[in-house]
Amino acid sequence: MVKTDNPFPYFVGIKSLKEVATTENRVVVMNILGNESRKVTPVSHSYSGGNVVAGVQYGRPGELQTPAGDIPVYSRLAEVVERHSFDTGVIYLPPQAVFYAVSELCHYKSTGQSDLKKIIIVTEKISVKDQRMIRAICQTNEIDVFGANSLGIADSWNHVRIGGALGGDNPEETLLKGSVAIHSNSGNFGNTIAEYLKTEGIGTTTIVSSGKDIIIQFAAAEFLNAVQNDDRTKLAVLYVEPGGFYEKQALDWIEEGKFEFDKPIVACVTGRWKANLSRAVGHAGALADSNDDAESKEKWFDDYFGVPVFDPTHPDRVGKRGVRVVSIQHIPAAAKALLTLYGNKNDFEPTGNLGLKLWMGKDFGWKLPPNLKLELTKAIPPYDKQIEDAQRQLGATFLRQRMRNASGASRINPETQVAELHGIPVIDLIDNPLESNMLFAITKMKPEEKKLELVNICLNYLSKSETFAFETMRNALNNGATPNEALLSAVGTLGDHPRFRLSRKYAKALIDIFVELGIKEYDHKVDFQEAQETARKFIPSGNKKPEDFENYLIEKMLSKYGEGNIIYYAARYAQENLLENPALFLITSIFVSISLPALVLKKISRETAENMFTYLAIEAQMVTWMGISNFDNEVLSAIRERKDFKYLEGSFTQTAYHAIFGEAPEGNRLKEFQALLGLTLTNGPGTISAKGAKESVSARNNISTAYAGFLSNTGLSHGGNGYEAIQFLLKSFDGVEITEPESTTVVNVEEISKKVAIRYKNYKEEAKRSGATSYDRIPCVNHPVFKGKQVNIDPREDFIYKRFKEEKIGNIFWEFYHNLVQSLYNEGVSKNVYCVNIDAVIAVISLKLMWKAYSENRIGDEDMQRIGFFIFLIGRMTGVTAEIIDHRNRGLDMDTRTPQSELKFVV
Amino acid sequence: MKYGAPILSLSGFPIPEILDADATMDEIEDLIHKRGKCVVKPVFYGGVGKKGKAGLVKIVGTVGDALKAKQSLYFAEHFFHNERIRSNGVTFEEFIPSSYEIYFNFSVSTVSRRVNFTMTHHGGVDIEELDKSMIFEGSFDAITGLKSYHIIDALTQLNAPPEIISPLTQYLPNLWNLYNDFGFTTLEINPIRMENVNGRLIPIACDFKAQFDQDNPQYKRLNIPSEVFHTDLTDFEAEINQLRTYQGQSDVVVINPEGTITPFMFGGGANSAATEVLSTKTTISSDFGGNPPYEKMYDIASITYKYWLKNTNVLLVIGGKANNTDIYVTFKGIFDALRDYSAANGKPEIYVIAGRGGPNLIKGFSYAANILDNLEIPYKFFGYDSSMLEVIQYAVDVDNWMLQNRNDRGKRQIG
């Protein structure tokens, strides 16, 4: 029986839930083109079969496109009133404008120009004053109001939603036709409860998001009355937060018989903790005063129901009037129990349960106890497919941003002052050979030891370049180019070389195969024949079989790797299929294999993995170009000729040593050389060498040109301090005969340092006497950070100094420096004992490495400068590779430009 | 009355003479001399507290007693909703002799859904202690406001002494404009004492309490010093509050600064339910729903990490199935901020747990997973088909496990 009389002491137009959101409603939306409405209204409009007749956007008429047809938009409500009829208003305006919009809507009703019946206010943060004014004028004009701060109203039977976004961007998914009506103080929970109910096979009739401002306009009493009069609704769910007497009023009125109500209720009250708050958190009205806190509300319901709170282990213990649940997760079970009690069945098949279902997760080696371990569960459609698609995307994606003064690759640690690459201090990278650091710069992971053997073969193989590159360099040098300029000219010939392009194709194909085969971990066995079928779909074919080098490499690959590694499959594939360039394919496969863990862990982007060959090929060639003065070196020649493959097996660090020094490393020389390269790897993204590369990237050049940018931004001033230090050391040791600088006892460094300190003291005093405002400083001592103590230490230098001591690697020049800082103090030149700084490490090792050739007069001052500079370039080249990759991943076009506001004109 | 007096004077309502805590001895003596005694009261910010009931109002007759009262009340403490409230100074107020004490209050009623006024001529006490028959509670139309006849009707119904009816009818309706035009949600005067001036009773407001609507900027016109409102805001809350101008909620409250779970809660419902389950484990309670833009979410997350991440075991992102909040945008804000925090401060040793539903869910999950993969921070993401409460409980369990697995030096051994 539908009651038509209003039992309440105030106006309520809606007598049954059937009237809340109907197919007859014609809606006007205020601020229809605002941020929220622009996204939500088209979905509501389409879901409801096109119920929005018009929208208002003050001063901006037009239309809002929706899948169900365009909605006309007017700049004034008056125009809507003239051209359309409507009975429902939806307000998305900012809080200050809401009351005026309500007033205007009411005005047209009071003048008989509209048949407005209800208003839904989505806006939050409306003042309490406006809330009471809205209440007053809508009561006067006999209009039902939902909100403010409502997510709207929806009717699953009528397939209509009005106002906010109940059901999100896919209302069909949540609003399933059923027998339960929900009144929720939380819009989100209105949605969530509907989702939860689905697990027990229960759908909804109507959902009302009441909002939880201080004044709730369509509150529990009106709702329950409308539930009673709706024959579709078998049960009501109330989600209640502290603050306000709405529920008490409703329950009291039922008890008093003010309105008839005999359907069961599931009530959930949360927010006990809010009792201690003195201001609102979350919903504005969810702040309890006296006697309307969560505990009081729980009692109102418990008294009304006459049964204790719902116990999920005994779902049958529910009262005829309903039951209170402690949390929304118990609503489905309680609702089912009550519906069963009343002889009602499920609305549809249950969709599952609310137990923990892990959609995505990783533990990264954390050993969780068994009770906390969870297996991944396939998500519900359509999310399962979306997750699958997302996981097929191997590799990281980075946020693009202005990277002019930023880097995701390097930084100077503010506490230690040590430069770091990918979070690892350079002083920790000195132990790695060059080839290892080259890979680390790209993949952010230290490569497996056993892969380095293959990597060395690849790098040595790739170090061979077209002969015209050397010609170009020679021409440049003949024209007076500096070493970096000569190198730049050679790099400039590379462009996006056909080999780079083909390798990219191979890398892309190999990664695609992994994705296609659903391989999630990098060690994964697949059936080769099966995999080969897939591989043929992706890998570009050619007409070449493996020849000498390829067969040699295949043998190496197969001897080191079995099934489960991409290297194995690639080698087998090259054996059995014709390819355009089998060598290039095999090398690419080795690089892809190295990049795969980083891709799976999303450390690097796919683009980086696909270009790994390009980076390494450019770097390998640059290293051998630096050996232009040692072109006829036996090892370098053999590598170039590619006849005796054993030469390819040498470490690439050793190749670099040959290129720089033209001879084989003796004793600890290779280790010292390696340390030098590690130390110079990076000095943070602010260095001009890195900036040159980054600027080239920001102009969207090829990778090779980014290296040209790096080279063009280096020059004789680089390693300047190191070179000056070498000059200083040579001057200090002038006339001292040293046959082997490894030995620290061959000469008395204490005496030398004292002499140098006194000489410097005299120089300084003389300079001061002559009124000079500046004078030469001793290179490589003192540091702006590591100063001020009685005895100062640069921890970076100290770390390496001690490391070398432990390994019994001596260096007479280094010892001299340590004596010098003490002598400077002893002679009164310095007020405390300066530190020997990190630059000294580079200088003393460089000088030691060059000493033999220098003392034998095989190289002169100019050569020493060149060699020092090349050492710096090799080291920095590795670090710059990381910056190039980082900028390509994260940067924006032209993001290194200087803003106009920072520019100035000088005269 | 320190702040109440100037506010009430805007409506022309009579007030006693008031001196603040730094009044000189001569000024206090003059005040006492006026009536033979004066009232010394502590000043509580935030409109909280029941001074009279707590025995924190002293009536003194000498300057010495006044100064003693000042000393004892200056930092007086009492409890309000289990919270310790501390005084911020005192006022010396003129003593108004009167035979009557009136209680008067405006507030919004959730029963009538209108503004209610409550009054009794048995005031000066906590009115909850009075029999209901001694109190009048009525409402009126917000459009027309409180009129004299409402007061006459109320006092008549209460059988109030005839001599107080006329003066109150004259003065009380003026309070409506004050209440309505300056963003009040509650305005309370208790007591109003009736001073006999040449045979005619004049109502004098002797204590004043108010609450303002922070969504109504009209209260700013009263120029009340900000510390009156902010006394109970922590630095964290104040910093987050500055983001209120953006779209979306940014309500936070510190629950336990020593907490080990830091949650981002989305939606009033999630806020209410999650805070309850997390209890004292949570550093903060929050509601960041309402589809906040990226910039806001990033700022919120950055501030949250700055304050709480150091001691956090579990970072929890929890909400139901969002209707309108873009999960991708919010997750991007939260996890970009985590990435940047880690870049600046080193990787935090935390476990990330998220339970969420809504638009762009998987895009958001994937974005977050990407960053966490890069940082090698462990995580578990649950969809909305897992009970939100179970996800929260799981976070609690992980936190307990992490707490148990710290070694002596406080470093965790979990790997």
Side-chain angles (χ1 to χ4, degrees), chain A residues 40 124-125 127-129 132-133 135-136 151 164-166 168-169 186-189 191-192 195 212 214-215 241 244-246 249 270-273 276 278 281-283 286 327 329 352 354 356-366 369 372 379-380 383 386-387 390 396-397 399 601-603, chain B residues 46 48 81-83 108 110-111 113-115 141-143 185 213 215-216 232 251 253 267-273 275-276 285 287 289-290 319-324 336 358-359 361-362 365-366 369-370 373-374 376 378-387 389-390 394 397-398 401 414-415:
Chain A
V40 174
E124 59 195 327
K125 298 177 187 167
S127 72
V128 182
K129 179 180 178 180
R132 63 178 183 251
M133 292 301 283
R135 176 80 183 167
L151 262 171
L166 284 169
D169 52 357
S186 154
N188 178 284
F189 271 20
N191 217 27
T192 306
E195 282 294 337
K212 189 69 180 89
I214 287 177
I215 295 180
E241 291 182 4
F245 289 89
Y246 302 103
Q249 190 177 48
T270 65
R272 273 183 178 229
W273 63 277
N276 292 333
S278 55
V281 175
H283 293 135
S327 92
Q329 67 181 334
L354 288 173
L356 285 179
K357 287 173 276 298
L358 181 63
W359 284 12
M360 295 169 81
K362 278 189 190 149
D363 277 337
F364 292 108
W366 284 36
L372 293 180
I380 48 174
Y383 303 102
Q386 290 175 15
I387 290 174
T397 46
L399 175 72
L601 293 173
K602 296 193 188 293
K603 283 176 173 286
Chain B
V48 291
H81 284 323
N82 297 328
E83 203 179 325
V108 180
T110 58
V111 174
R113 295 177 226 185
R114 295 161 29 129
V115 177
D141 189 335
I143 300 171
T185 54
D213 178 5
D215 291 324
N216 186 346
D232 57 345
D251 293 334
V253 64
N271 159 263
S272 199
T275 310
E276 201 150 299
S285 172
D287 177 6
K321 186 182 181 193
N323 296 287
N324 192 37
D336 279 352
L361 178 64
I362 301 304
F365 274 3
S366 300
N370 199 349
D373 284 340
N374 269 300
E376 297 191 8
Y379 60 92
K380 283 192 167 53
F381 294 163
F382 302 93
Y384 61 88
D385 59 346
S386 297
S387 151
L389 278 303
E390 289 213 19
Y394 183 77
D397 294 343
V398 170
W401 170 73
I414 39 198

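Labels below follow one simple rule: chain letters A, B, ... track the order of the sequence lines, proteins then strands, and each chain is numbered from 1.
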Asks: Check this for me: does any side-chain nitrogen of one of A/K357 and B/E390 sit under 4.0 Å from a carboxylate oxygen of the other?
Replies: no

Asks: Go through the atoms of A/Q386 and report whether side chain, backbone, both or neither lie under 4.5 Å from a heavy atom of chain B.
Replies: both

Asks: Could you measure the distance from the CG atom of B/L389 to the OG atom of A/S327? Nearest 0.5 Å is fine.
Replies: 3.5 Å

Asks: Say whether, by atom type as modelled, one donor and one acceptor occur between the side chain of A/Q329 and the main chain of B/S387 under 3.5 angstrom.
Replies: no

Asks: Measure the NZ-CG distance between B/K380 and A/D363 for me, rounded to the nearest 0.5 Å.
Replies: 3.5 Å

Asks: To the closest 0.5 Å, what do you measure between CE (A/M133) and CG (B/D141)?
Replies: 8.0 Å

Asks: Give, for atom CG of B/L361 and atom CD1 of A/I387, the distance between the pair rounded to the nearest 0.5 Å.
Replies: 7.5 Å

Asks: List the atom of B/G320, the atom of A/T192, and the distance in Å for their closest heavy-atom pair.
Replies: CA-OG1, 3.3 Å

Asks: Below 4.5 Å from any heavy atom of chain B, which atoms of A/R135 appear? Answer side chain, backbone, both or neither.
Replies: side chain

Asks: Would B/D213 and A/K129 pass as an ion pair if we require N to O under 4.0 Å?
Replies: no

Asks: Examine whether an atom of B/N370 lies under 4.5 Å from a heavy atom of chain A, and if so say whether it belongs to the side chain, the backbone or both; otherwise answer neither.
Replies: both

Asks: Tell me whether the rings of A/Y383 and B/Y384 are parallel (<30°), tilted (30 to 60°) or perpendicular (>60°).
Replies: perpendicular

Asks: Please classify the contact of A/A396 with chain B as side chain, backbone, both or neither, using a heavy-atom distance under 4.5 Å.
Replies: both

